[in-house]
Amino acid sequence: MKTRIFVAGHNGMVGSAIVRQLMKRDNVEVITRSRQELNLLDQAAVNAFFATANIDQVYLAAAKVGGIHANNTYPADFIYENLMMECNIIHAAHQHDVQHLLFLGSSCIYPKLATQPMKENALLTDTLEATNEPYAIAKIAGIKLCESYNRQHGRDYRSVMPTNLYGENDNFHPENSHVIPALMRRFHEAKLNGDAEVVVWGTGKPMREFLHVDDMAAASVHVMELDAKTYQANTEPMLSHINVGTGVDCTIREMAETMAKVVGYEGKLVFDSSKPDGTPRKLMDVSRLAALGWRYRIGLEQGLASTYQWFLDNQDNFRQ
Ligand code: GFB
């Protein structure tokens, strides 16, 4: 009998990478539903889906995501949609006796000025970064939803907190995307147009850790497939999440210079300090995950190069 796994958010960058990982397994049947087929904001529709789909495991990769500008501009969308999707899926999973679920959060759950690198126990110890606090609160609620269904109903719902992700099938929207797809597209267009300079938002001084989405997908499957005893030995009932990252960071300026090299753009970088920098640094301590036997494999320059190749091969149809 195959394990029936529902990947919520399968069309997104992380969800599609998780589907690619799961397809390598031979005892798995991957179940997906597009936004048109199943509106995750509609609790009755989500319940009706779980009532008939006979799901064994859930990867909750569906989310309303975006970069610093999008979070700063649409805070109500970010908190409402992420809370609703989490509540609908986690509650319906429990009601239809799904024992295993993996919830995907974000490194922005940690305090703006948390000690670096950030350990899992930094959660809820200080105030959050203002530009993405609504999104962070929704993701913290997701962790607490999983922990609460575990404590009250004996479920095995796990949470992984990825650092900044990038890779194929990312959102390349000029304003609402994250920094890597935004700069990749901007440098590419500047190269084609022969522009003398390219604007990079902020001062270039913030530091970020970047993990390729294929590594994130591999880490997600690794954590989901850990036996319960091993998972519980390395987490606590009310501190159950696990950081996923490379443990290495760089400044936005350094990343932009690497990006220019990968794209082959030779013009000038201009830093527009009127744009927000966001959190000064959010390097994750990944020792808990290392103790569970997983390390990243794709370095930044290698990851940027393969993502740029994907960008070139898919420019006509990538999502806005
Ligand atoms: O990737 P990003 O939007 O997300 O910005 P955050 C990272 C840094 O890159 C910021 C700078 O300091 C930006 O000012 N940056 C430079 C740019 N040029 C650009 C550009 O053209 N576009 C963008 N977007 N940034 C997000 C959170 O914060 O991290 C999300 O808002 C999520 O909720 C994500 O948690 C992982 O790392 O600042």
Side-chain angles (χ1 to χ4, degrees), residues 12-14 61 63-79 81-83 104-114 116 118 123 128-143 159-167 170-190 197-213 216 241 243-246 249-260 263 265 269-284 300 304 307:
M13 176 175 72
V14 180
K64 166 79 178 172
V65 296
I68 190 163
H69 173 76
N71 271 271
N72 226 5
T73 311
Y74 310 107
D77 297 349
F78 276 88
I79 192 164
E81 292 188 29
N82 286 303
L83 283 176
L104 279 89
S106 166
S107 59
C108 71
I109 62 168
Y110 292 113
K112 173 176 181 130
L113 303 175
Q116 306 286 323
M118 306 179 297
L123 183 62
L128 298 165
E129 156 63 29
T131 54
N132 55 40
E133 187 197 60
Y135 176 73
I137 295 277
K139 288 299 180 182
I140 292 168
I143 297 171
S159 299
V160 283
M161 294 300 124
T163 188
N164 288 46
L165 301 174
Y166 70 96
D170 201 344
N171 170 2
F172 285 84
H173 187 280
E175 295 299 316
N176 295 335
S177 57
H178 289 101
V179 61
I180 282 184
L183 292 190
M184 182 171 287
R185 178 174 180 167
R186 200 171 303 149
F187 283 18
H188 174 73
E189 288 167 357
E197 57 186 44
V198 168
V199 172
V200 177
W201 296 354
T203 62
K205 293 196 178 83
M207 298 189 78
R208 289 293 184 273
E209 175 188 15
F210 296 107
L211 182 72
H212 190 278
V213 72
M216 181 59 207
H241 60 290
N243 291 342
V244 182
T246 60
D249 64 355
C250 64
T251 64
I252 292 301
R253 173 186 287 276
E254 286 162 342
M255 189 280 288
E257 286 163 354
T258 305
M259 180 72 79
V263 169
Y265 174 70
L269 305 190
V270 174
F271 288 86
D272 172 5
S273 51
S274 73
K275 297 274 186 181
D277 269 341
T279 306
R281 193 178 188 200
K282 48 180 182 177
L283 176 63
M284 303 239 270
L300 184 59
L304 290 179
T307 305

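Along the sequence shown, residues carry numbers from 1. Remember, it's 1-based here, ligands and their atoms both numbered in the order they're listed.
- Heavy-atom separations between Thr131 and ligand 1 are all 4.0 Å or longer.
- The protein non-hydrogen atom at the shortest distance from atom 15 (N) of ligand 1 is Val179 CG2, 3.5 Å.
- The ligand atoms of ligand 1 that sit less than 4.0 angstrom from a heavy atom of Arg186 are 20 (C), 21 (O).
- Atom 24 (N) of ligand 1 has Ser177 O, 2.9 Å as its closest protein atom, hydrogens excluded (heavy atom only).
- Annotation: side chain of Asp170 is not in contact with side chain of Val213 (no heavy-atom distance under 4.5 Å).
- Closest heavy-atom contact between Cys250 and Met255: SG-CB, 4.0 Å.
- A heavy-atom distance below 4.5 Å is found between the side chains of Met161 and Ile143.
- Ligand 1 does not have Thr279 within reach: every non-hydrogen atom of the residue lies 4.0 Å or more from it.
- Contact record, Glu175 with His173: N-ND1, 3.0 Å, taken as the closest heavy-atom pair.
- Some N or O of Asn71 is nearer than 3.5 Å to an N or O of ligand 1, by distance alone.
- The backbone N or O of Lys64 lies less than 3.5 Å from a partner atom in the side chain of Asn82, making a donor-acceptor pair.
- With a 4.5 Å cut-off on side-chain heavy atoms, Ile140 and Leu128 count as touching.
- Take Tyr74 and apply the ring pair (Phe, Tyr, Trp, His ring centres under 6.0 Å) test, not counting sequence neighbours, and it matches no residue.
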**OP:** Determine, stepwise, if the pair Phe210 / Val179 fulfils side-chain contact (heavy atoms from CB on, under 4.5 Å).
**Re:** CA-CA 10 Å; Phe210 296 107; Val179 61; 3.7 Å; yes
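- Side-chain atoms of Ser107 never come within 3.5 Å of backbone atoms of Lys282 as a donor-acceptor pair (strictly under, hydrogens ignored).
- Annotation: atom 3 (O) of ligand 1 to nearest protein heavy atom, Ile68 N, 2.8 Å.
- Among all non-hydrogen protein atoms, the one lying nearest atom 27 (C) of ligand 1 is Asn132 ND2, 3.3 Å.
- No N or O atom of Ser107 sits closer than 3.5 Å to an N or O atom of ligand 1.
- Close contacts of ligand 1 with Ile252, meaning ligand atoms under 4.0 Å from a residue heavy atom, involve 8 (C), 9 (O).
- Under the 30°/60° scheme for interplanar angles, the aromatic rings of Tyr110 and His241 are found to be tilted.
- Nearest protein neighbour of atom 35 (O) of ligand 1, counting heavy atoms only, is Ser106 OG, 2.8 Å.
- The contact set between ligand 1 and Arg208, taken as ligand atoms under 4.0 Å from a residue heavy atom, comprises 6 (P), 7 (C), 37 (O), 38 (O).
- Those atoms of ligand 1 with a heavy atom of Ala182 less than 4.0 angstrom away are 20 (C), 21 (O), 22 (N).
- Inter-residue side-chain proximity for Leu304 and Leu183 is flagged as unmet; no heavy-atom pair is nearer than 4.5 Å.
- Of all protein heavy atoms, the one closest to atom 18 (N) of ligand 1 is Trp201 N, 3.0 Å.
- When non-hydrogen atoms are compared, ligand 1 lies under 4.0 Å from the side chain of Tyr135 (C-beta onward) but not from its backbone.
- Counting the atoms of ligand 1 from 1 in the order shown, those under 4.0 Å from a heavy atom of His178 are 1 (O), 24 (N), 32 (C), 34 (C).
- For the ligand labelled ligand 1, residue Ala70 lies outside the 4.0 Å heavy-atom shell.
- For atom 36 (C) of ligand 1, the closest heavy atom belonging to the protein is Asn164 OD1, 3.7 Å.
- Considering backbone and side-chain N/O atoms, Asp277 comes within less than 3.5 Å of an N/O atom of ligand 1.
- Within the structure, the closest approach of Lys282 to ligand 1 falls below 4.0 Å when heavy atoms are considered.
- Residue Gly202 comes nearest to Asp277 through the heavy atom pair CA-OD1, 3.2 Å, listed as atom of the first residue, atom of the second, then distance.
- Near Pro276, the atoms of ligand 1 lying under 4.0 angstrom from a non-hydrogen atom of the residue are 13 (C), 14 (O).
- Side-chain N or O atoms of Lys139 include one that pairs as donor or acceptor with a backbone N or O of Leu104 at under 3.5 Å.
- Of all heavy-atom pairs spanning Arg208 and Ile252, the tightest one is CG-CD1, 3.7 Å.
- Close N/O approach between Pro206 and ligand 1 is not found [any backbone or side-chain N/O within under 3.5 Å].
- Taking every heavy atom of Gly67 and a limit of under 4.0 angstrom, the matching atoms of ligand 1 come to 3 (O), 31 (O).
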